[in-house]
Undergrad: 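This is the structure I have questions about; it appears just below.
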Amino acid sequence: MSMSTPGPERVPSTVKVDKTSGQGKPPAQKSTGSKPGNRPQGKGGKGRKSVTPVKVSGSRNWGPIALAGVVVLVAVGIIGYGVYASVKGSEPWQDKAAAIKDIVNYRAQKNPAIDSQEHKDGPQTYVTNPPVGGAHNAQWQNCMGDVYAEPIANEHAVHSLEHGSVWVTYKQGLAADQVEKLKEKVEGRDFMLMSPVANLDKNISLQAWGYQLKLDNANDERIDEFIKALRLNASLEPGAPCSSGNTTTGPLQAAPAGN
């Protein structure tokens with residue numbers, strides 16, 4: 001078998017590549033310390049002067065602010081009134097009574113004829129009309145919200161005052177609507193009683209033990225103030241009842257001879 005003659009020696013072709021990092025990749029470029037997007041430093045090595053952004057203010061919505069202010073004012077008002085009411089509610093009843101315009105405090109006079117709590121039979125003479133205290137009958141007038149259409153005996157009514165009741169009186173012949181207004185404040189309410197009085201110098205007179213307030217009109221708000229301040233509070237015998245008392249009308253009969 002004939003052998004072929006080898007041809008000329010083949011020289012491998014040379015492929016020119018860039019300098020690599022030893023792993024077939026071009027070496028990374030050296031960092032210049034600048035971030036992408038940064039401009040090159042200006043002349044003299046100074047950085048580019050920053051530009052202050054211009055603030056554009058839109059129109060302010062005052063509605064929510066005004067509403068918040070109103071809410072704050074209302075809250076302050078409520079809190080303030082609560083404090084005021086708390087202080088007023090803690091006042092002694094004597095101070096509340098003293099604050100009522102035109103009220104007369106007969107206790108302050110220290111008059112024995114008014115301060116007496118003695119039980120006596122028969123008619124008595126009193127310093128004021130209607131009376132606000134003094135010697136009285138041993139039996140009180142029933143004062144469980146009783147409304148009497150005719151005058152009652154002073155001697156029984158004064159004993160009711162001693163127990164802490166408020167006695168609402170009015171001039172005989174007072175207009176029916178005025179009488180009805182007073183009746184609404186008394187009827188069915190314990191430690192209250194009401195009756196007409198002859199020769200009263202004002203249309204209306206309110207009595208508690210040692211206190212009196214005379215008025216012209218049943219719509220006067222001081223009526224409620226008087227009742228609130230003095231009913232039960234003015235009692236000289238706390239805990240004494242207003243039930244099981246006298247329910248008759250008319251003047252007290254003279255005491256039997258020898259008494």
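We number each residue from 1, following the sequence as shown.
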Undergrad: Rounded to the nearest 0.5 Å, what's the gap from CG on Leu174 to CD1 on Ile204? Could you check?
TA: 6.0 Å
Undergrad: Just checking, is any N or O donor in the side chain of Gln207 or Gln212 under 3.5 Å from an acceptor N or O on the other one?
TA: yes
Undergrad: So Gln172 and Val197, do their side chains get closer than 4.5 Å, heavy atoms only?
TA: no
Undergrad: Check Ala229 against Lys96 and note the closest heavy-atom contact, atom names and distance.
TA: CB-CB, 4.1 Å
Undergrad: Begin from the C-alpha positions of Asp102 and Lys214 and carry the test salt bridge (charged side-chain N to carboxylate O under 4.0 Å, His left out) through to its verdict.
TA: CA-CA 8 Å; Asp102 297 328; Lys214 293 189 174 182; over 6 Å; no
Undergrad: Is there a side-chain contact between Cys143 and His163 in this structure, where contact means two heavy atoms from C-beta onward sitting under 4.5 Å apart?
TA: no
Undergrad: Which value, rounded to the nearest 0.5 Å, describes the distance between Asn203 atom CG and Gln178 atom CD?
TA: 7.0 Å
Undergrad: Of all the heavy-atom pairs spanning Gly134 and Trp209, show the shortest one and how long it is.
TA: N-CH2, 3.4 Å
Undergrad: With hydrophobic residues grouped by side-chain heavy-atom distances under 4.5 Å, do Leu232 and Leu236 end up in a single group?
TA: no
Undergrad: Applying side-chain contact (heavy atoms from CB on, under 4.5 Å) to Val179 and Met194, what does each step give before you reach the verdict?
TA: CA-CA 10 Å; Val179 175; Met194 171 178 161; 3.8 Å; yes
Undergrad: Does any donor atom in the side chain of Asn246 or Gln139 lie under 3.5 Å from an acceptor atom in the other side chain?
TA: no
Undergrad: Let's go through Ile103 and Tyr211 carefully: what are the C-alpha distance in whole Å and the side-chain angles of both, what is the deciding distance for side-chain contact (heavy atoms from CB on, under 4.5 Å) to 0.1 Å, and is it a yes or a no?
TA: CA-CA 7 Å; Ile103 195 171; Tyr211 289 91; 3.9 Å; yes
Undergrad: Indicate yes or no: does Arg107 engage Asp115 in a salt bridge with an N to O separation below 4.0 Å.
TA: no
Undergrad: When rounded to the nearest 0.5 angstrom, what is the spacing between NZ in Lys101 and CG in Asp220?
TA: 9.0 Å
Undergrad: Looking only at heavy atoms, which two atoms of Leu193 and Ser165 are closest? And how far apart?
TA: CD2-OG, 3.6 Å
Undergrad: Is any side-chain heavy atom of Asn154 closer than 4.5 Å to a side-chain heavy atom of Tyr126?
TA: yes
Undergrad: Return the minimal non-hydrogen interatomic distance between Ala218 and Lys181, and the atom names on each side.
TA: O-CG, 3.7 Å
Undergrad: So how far is it from Asn217 CG to Arg222 CZ, rounded to the nearest 0.5 Å?
TA: 10.0 Å
Undergrad: Considering all heavy atoms of both residues, which atom of Pro130 and which atom of Leu200 are nearest to each other, and what is their separation?
TA: CD-CD1, 3.6 Å
Undergrad: Salt bridge (charged side-chain N to carboxylate O under 4.0 Å, His left out), that's the test. Do Lys171 and Asp216 meet it? Break it down for me.
TA: CA-CA 10 Å; Lys171 182 187 294 184; Asp216 290 317; over 6 Å; no
Undergrad: Within a radius of less than 6.0 Å around CG of Asn199, do more than 12 heavy atoms belonging to other residues, nucleotides or ligands occur?
TA: no
Undergrad: With side-chain contact (heavy atoms from CB on, under 4.5 Å) as the criterion, how do Val168 and Met192 come out once you've worked through the C-alpha distance, each side chain's angles and the decisive distance to 0.1 Å?
TA: CA-CA 8 Å; Val168 177; Met192 296 284 296; 4.0 Å; yes
Undergrad: For the pair Val132 and Ile114, evaluate side-chain contact (heavy atoms from CB on, under 4.5 Å) and give the outcome as yes or no after the intermediate values.
TA: CA-CA 7 Å; Val132 296; Ile114 295 177; 4.0 Å; yes
Undergrad: How many angstroms lie between atom CD of Glu184 and atom CD of Glu187, to the nearest 0.5 angstrom?
TA: 9.5 Å
Undergrad: Are Trp93 and Leu206 in one and the same hydrophobic cluster, where Ile, Leu, Val, Met, Phe, Trp and Tyr link if side-chain heavy atoms are under 4.5 Å apart?
TA: yes
Undergrad: Is there a path of hydrophobic side-chain contacts, each under 4.5 Å between heavy atoms of I/L/V/M/F/W/Y residues, joining Val127 to Val104?
TA: yes
Undergrad: Which pair of non-hydrogen atoms, one from Tyr148 and one from Asn142, has the smallest distance, and what is that distance?
TA: OH-O, 2.8 Å
Undergrad: Could you name each residue pair satisfying salt bridge (Lys or Arg N to Asp or Glu O under 4.0 Å) that touches residues 136-146, not counting sequence neighbours?
TA: none
Undergrad: To the nearest 0.5 Å, how far apart are CD in Glu221 and CD1 in Ile100?
TA: 10.5 Å
Undergrad: Evaluate the ring planes of His159 and Trp140, with Trp represented by its six-membered ring, and classify them as parallel (under 30°), tilted (30 to 60°) or perpendicular (over 60°).
TA: perpendicular
Undergrad: Would you confirm whether the ring centroid of His156 sits within less than 6.0 angstrom of the ring centroid of His136?
TA: no
Undergrad: When clusters are formed by joining ILVMFWY residues with side-chain heavy atoms under 4.5 Å apart, either directly or through shared neighbours, do Ile227 and Leu215 land in the same one?
TA: yes
Undergrad: Taking atom types as modelled, find out whether Ser195 and Trp167 have a side-chain donor-acceptor pair closer than 3.5 angstrom.
TA: yes
Undergrad: Testing the 3.5 Å rule here: is there a donor-acceptor pair between the side chains of Glu162 and Ser160?
TA: no
Undergrad: Any heavy-atom pair between the side chains of Val166 and Val186 that's under 4.5 Å?
TA: no
Undergrad: Between Phe226 and Leu161, is there a shared hydrophobic cluster once you connect ILVMFWY residues whose side-chain heavy atoms come closer than 4.5 Å?
TA: no
